[in-house]
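Heads up, the thing below is written out as structure tokens.
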Amino acid sequence: MCDTCGCNITPGNEHLVAAGGHLAHTSSGGESVEVLKGLLDANDHQALHNREHFSRHEVFAVNLMSSPGAGKTALLEATIEALGADMRIAVVEGDLETENDANRIRDKGVPAVQISTGSACHLDAHMVHGALHELDLDGIDVVFIENVGNLVCPASFDLGQHCNVALLSTPEGHDKPAKYPVMFRAADLVLITKSDLLEVLGDFDPDAAESYLRQIANPAPLFNLSARTGDGMTTWLDWIRRGAGEHQ
Amino acid sequence: MHELAICQALIGQVTDVARSNHATSVSDIFVSVGPLSGVEGPLMQNAFPVAAAGTVANEAKLHLRPTPIRVQCDECGEESEVAMNRLVCDHCGDWRTQLISGDELLLQRVILDNTAAGVESNV
């Protein structure tokens, strides 16, 4: 949404725009000023800039979001192993502390920039912009942004990615889309990770997970995936190749 | 607790509005918050004084106005007011709907105090 064409005026707030006009005075004499500006405008503006930067370099940018321990880094390791020969990948890693995840990615021969957020529970567009200064995008086909493990806060911040991928690991339970609708509504693809555990767990129903996803009106594809056994990896790799092809 | 980051962004915008209107302080800030924006009202109220400390909004009261979640059905075209984890059409039951309100996070209005006299002479 922007501030210029009026698209930030919704059925929920239009009555406030209609009443009064741009400036009005209150009974106490204070000056009332209509603003109608998104609180995240500065972030969204930076995100737009980041997206243009990716697109100019013909880079497909993917934001990976999940709870901590859902297998984002393991998925990236398996993805680099499978695609490393025919696609150039770079990774932006977000964590509160440590370079551990970036080092795991670097061990696979792929450039990785670690953003240590300190106490911040999410990445924002400005942090990603800072990381991009340390990343040479020439010749890169895909950038994965591994967000801070958190199913709440990252969903509110556009980073400039082309697609959001949400990971839902089988030990977490199939009702996560109903519990965290803001996150799962934002997903362009949902991966049910650690699918090799489905048999052991016995109580995770992938069809129920899909049903919860549809109930928040999200038509995104979802499928099972195990970075350990390779289940679903072909579908995932095809999705990346298609996305990368669209951004050439 | 991204509400603090959101409040800091809010204070940045409020400070800009105060400056461009030659005001020295802000008494009231009105923000509309949709449940699907991912922001919790009570947490935002707690974070607000931290972000506002030492700014023109130091003494300001934050008014949060929740907006309803409304969807329009792709199939039957009807509108429904729905719960945040069930964005399904109330009329025909189809899940293919478009959100028409409920994810806003919008600074609507501020009330400024101590607006400097003689603004016209500065123009």
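Note: hydrogens, waters and symmetry copies are ignored here, and every other heavy atom, side chains too, is used.
- Residue contact with chain B, scored on non-hydrogen atoms closer than 4.5 Å, is absent for A:Ala155.
- The heavy-atom pair separating A:Ala217 from B:Thr97 by the smallest distance is CB-OG1, 3.3 Å.
- For A:His45, the NE2 atom counts as loosely surrounded, since its 6.0 Å shell holds 12 or fewer non-hydrogen atoms of other residues, nucleotides or ligands.
- One distance of note links CD1 of A:Ile216 with CZ of B:Arg86; it measures 12.5 Å at 0.5 Å rounding.
- Between chain B and the options A:Pro154, A:Ala120, A:Pro177, A:Pro219, the largest number of non-hydrogen pairs under 4.5 Å is found for A:Pro219.
- Summarising the geometry of A:Pro181 relative to B:Leu36, their closest heavy-atom pair is CB-CD2, 4.4 Å, with the distance given to 0.1 Å.
- Within 6.0 Å of CZ on A:Phe54 lie more than 12 heavy atoms contributed by other residues, nucleotides or ligands.
- A 4.5 Å side-chain heavy-atom check between A:Val35 and B:Gln108 finds every atom pair outside the cut-off.
- Rounded to the nearest 0.5 Å, atoms OH (A:Tyr180) and CG (B:Asn85) are 12.5 Å apart.
- Shown here is B:Glu59, whose CD atom has no more than 12 heavy atoms of other residues, nucleotides or ligands within 6.0 Å.
- Atom CD of B:Gln72 has more than 12 heavy atoms from other residues, nucleotides or ligands within 6.0 Å.
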What's the verdict on side chain to side chain contact (heavy atoms under 4.5 Å, CB included) for B:Met44 and A:Leu39, showing C-alpha distance, side-chain angles and the deciding distance? CA-CA 12 Å; B:Met44 196 157 163; A:Leu39 260 53; 3.6 Å; yes
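- Smallest separation of non-hydrogen atoms from B:Val88 and A:Gln215: CG2-O, 3.6 Å.
- Residues from residues 156-172 of chain A that place a non-hydrogen atom less than 4.5 Å from a non-hydrogen atom of chain B comprise A:Ser156, A:Phe157, given in numerical order.
- Between B:Phe30 atom CZ and A:Leu36 atom CG the span is 13.0 Å, to the nearest 0.5 Å.
- Taking CG of B:Asp16 as the reference point, atom NZ of A:Lys37 lies at 6.0 Å (rounded to 0.5 Å).
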Give the intermediate values and the outcome of side chain to side chain contact (heavy atoms under 4.5 Å, CB included) for residues A:Glu31 and B:Val110. CA-CA 8 Å; A:Glu31 187 180 18; B:Val110 296; over 6 Å; no
List the steps and the verdict of side chain to side chain contact (heavy atoms under 4.5 Å, CB included) for A:Val182 and B:Met84. CA-CA 8 Å; A:Val182 179; B:Met84 72 183 290; 4.0 Å; yes
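- Atom CZ of B:Arg109 sits about 4.0 Å away from atom OG of A:Ser32, to the nearest 0.5 Å.
- When heavy atoms are compared at a cutoff of 4.5 Å, B:Val26 does not approach chain A at all.
- The structure places CD1 of B:Ile6 at 10.0 Å from CG of A:Asp124, a figure rounded to the nearest 0.5 Å.
- Contact check for A:Val152 versus B:His2: side-chain heavy atoms found under the 4.5 Å cut-off.
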